[in-house]
Peer 1: 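Structure in structure tokens, see below.
Note that this is a predicted model, so its numbers are computed, not measured.
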Amino acid sequence: MDKENNRPLILIGNDDGYNSAGIRELIKIARRFGDVVVAAPLNHQSGKSCAISMDVPLRVKLISSEPGLTVYAISGTPADCLKLGLDQLLDGRTPDLVLSGINHGYNTGISTLYSGTMGVAFEGLVHNIPSVAFSYGSFRPDADFSPCLDFIHNIVDTVIHKGLPQGICLNVNFPKCDGEIRGVKVTTTDMGLWVREFEKRTDPFGNDYYWMTGTYQQADVNDHSTDVHWIEQGYATITPVKIDQTSHDHLNEIAEIFC
């Protein structure tokens, strides 16, 4: 990659693996705007959130290299991949943009906490790089992402040229639909929870085991500000997310109790 050119540098990760259909579509869009480096998991890594590998070495496989695009597959978590990409794989350059996805399946509501897709965006945010995570409501490995591609193009274009406010990244979700997505809404994160999260089963040898299933229960079905609500109405959602977990509103109250 020519370090002297003026094209933006875009670092892409995900949690579905370097060869998923979603990341291939995202690469196509990103290449319209700049040079692209992919640092993505070798294998499926959903649900890893911001987990990092502290007791095993990371191994990197160069999948392909051509002008404007380099793809690495890494034997680690989504956050591992971003960390390694930023630290070792960019020849000293700092990306202008971090993109994650396109994830197969939603990352709405409280799932934001568990999402490896969001782990990529959070890692970009830690390094003060504009970061956006994209998810689409089909879990199929051969999902048709065409309904959301123009939206993604426009969001990437806007962030490349206008940036993002300090301290946030974007969590973008698209409804699975057979026709057109109805539009875009800027939303809050639904603060519901997963219930009936495991199903008890028995293997052929008579041993019990538990398989994660779960049903999402909205915090308030009458709250029309949330990502879950608007996804159900057929809209794409953009949620600004931050990683500062300090409850600033409660600092004085806690100080009065303990100090």
Peer 1: What pairs meet the salt bridge (charged side-chain N to carboxylate O under 4.0 Å, His left out) rule with one or both residues in residues 112-127, with sequence neighbours excluded?
Peer 2: Lys83-Glu123
Peer 1: Do any N or O atoms from the side chain of Arg7 and from the backbone of Val36 form a donor-acceptor pair under 3.5 angstrom?
Peer 2: no
Peer 1: Of the non-hydrogen atoms in Cys81 and Gly76, which two are nearest, and what is the gap between them?
Peer 2: SG-O, 4.3 Å
Peer 1: Please say yes or no: joined through hydrophobic side-chain contacts below 4.5 Å, possibly via intermediate residues, are Leu89 and Leu62 part of one cluster?
Peer 2: yes
Peer 1: Extract all donor-acceptor atom pairs below 3.5 Å that involve side chains of residues 249-259 and protein atoms in other chains or at least two apart in sequence.
Peer 2:
residue: His250; atom: ND1; partner: Ser247; partner atom: OG; Å: 2.5

Peer 1: If you link I, L, V, M, F, W and Y whenever their side-chain heavy atoms are under 4.5 Å apart, who else ends up in the same group as Leu193?
Peer 2: Val195
Peer 1: Classify the side-chain pair Asp16/Gln45 by whether it contains a donor and acceptor separated by less than 3.5 Å.
Peer 2: no
Peer 1: The criterion is side-chain hydrogen bond (donor to acceptor under 3.5 Å, both in side chains); which residues satisfy it with Thr246, sequence neighbours excluded?
Peer 2: Asp244
Peer 1: Working to the nearest 0.5 Å, report the span between OH of Tyr210 and CD of Glu197.
Peer 2: 14.0 Å
Peer 1: So, using ring-ring contact (aromatic ring centres under 6.0 Å, His included) as the criterion, who are the partners of His153 when residues are at least two apart?
Peer 2: Phe33
Peer 1: Between the side chains of Ser225 and Thr188, is a donor N or O closer than 3.5 angstrom to an acceptor N or O?
Peer 2: yes
Peer 1: Who else is in the cluster with Val228 when I, L, V, M, F, W and Y are joined by side-chain contacts under 4.5 Å?
Peer 2: Ile110, Leu113, Tyr114, Met191, Trp194, Tyr216
Peer 1: I'd like to know if Ile231 and Ile152 are part of one continuous hydrophobic network [Ile/Leu/Val/Met/Phe/Trp/Tyr, side-chain heavy atoms within less than 4.5 Å].
Peer 2: no
Peer 1: Do Arg93 and Pro95 have side chains that approach each other closer than 4.5 Å (heavy atoms only, starting at C-beta)?
Peer 2: no
Peer 1: Leu26 and side chain to side chain contact (heavy atoms under 4.5 Å, CB included): which single residue from Asn14, Ile12, Leu149 fits?
Peer 2: Ile12
Peer 1: Thr226 and His224: side-chain donor and acceptor closer than 3.5 Å?
Peer 2: no
Peer 1: With rounding to the nearest 0.5 angstrom, report the CZ to OG distance, Phe174 to Ser138.
Peer 2: 14.0 Å
Peer 1: Testing the 3.5 Å rule here: is there a donor-acceptor pair between the side chains of Asn173 and Thr108?
Peer 2: no
Peer 1: Would you say the side-chain atoms of Asp80 pair up with the backbone N or O of Thr77, donor to acceptor, closer than 3.5 Å?
Peer 2: yes
Peer 1: Apart from Val126 itself, what residues make up its hydrophobic cluster, given side-chain heavy atom links below 4.5 Å?
Peer 2: Met118, Phe122, Leu125, Val241, Ile243
Peer 1: Indicate, with yes or no, if Leu82 and Ile52 share a hydrophobic cluster defined by side-chain heavy-atom contacts under 4.5 Å among Ile, Leu, Val, Met, Phe, Trp and Tyr.
Peer 2: no
Peer 1: Using residues 96-107 as the side-chain source, report each donor-acceptor pair under 3.5 Å to any protein atom, sequence neighbours left out, with the distance given to one decimal.
Peer 2:
residue: Asp96; atom: OD2; partner: Leu9; partner atom: N; Å: 2.7
residue: Ser100; atom: OG; partner: Thr117; partner atom: O; Å: 2.8
residue: Asn103; atom: OD1; partner: Thr117; partner atom: OG1; Å: 3.0
residue: Asn103; atom: ND2; partner: Gly105; partner atom: O; Å: 2.8
residue: His104; atom: ND1; partner: Arg140; partner atom: O; Å: 2.8
residue: His104; atom: NE2; partner: Gly22; partner atom: N; Å: 3.2
residue: Tyr106; atom: OH; partner: Lys176; partner atom: N; Å: 3.2
residue: Asn107; atom: OD1; partner: Ser115; partner atom: OG; Å: 3.1
residue: Asn107; atom: ND2; partner: Ser115; partner atom: OG; Å: 3.3
residue: Asn107; atom: ND2; partner: Thr117; partner atom: OG1; Å: 3.4
residue: Asn107; atom: ND2; partner: Ser135; partner atom: OG; Å: 2.9

Peer 1: Using the test ring-ring contact (aromatic ring centres under 6.0 Å, His included), find all partners of Tyr136 that sit at least two apart in sequence or belong to another chain.
Peer 2: Phe145
Peer 1: Under the ring-ring contact (aromatic ring centres under 6.0 Å, His included) rule, collect the residues that match up with Tyr235, sequence neighbours excluded.
Peer 2: Trp230
Peer 1: Show every salt bridge (charged side-chain N to carboxylate O under 4.0 Å, His left out) that has at least one partner inside residues 206-234, sequence neighbours left out.
Peer 2: Lys200-Asp208
Peer 1: Please name the pair of heavy atoms, one in Tyr72 and one in Tyr18, separated by the smallest distance, quoted to 0.1 Å.
Peer 2: O-CB, 4.4 Å
Peer 1: Tell me every residue that passes salt bridge (Lys or Arg N to Asp or Glu O under 4.0 Å) with Arg182, counting only those two or more places apart in sequence or in another chain.
Peer 2: none
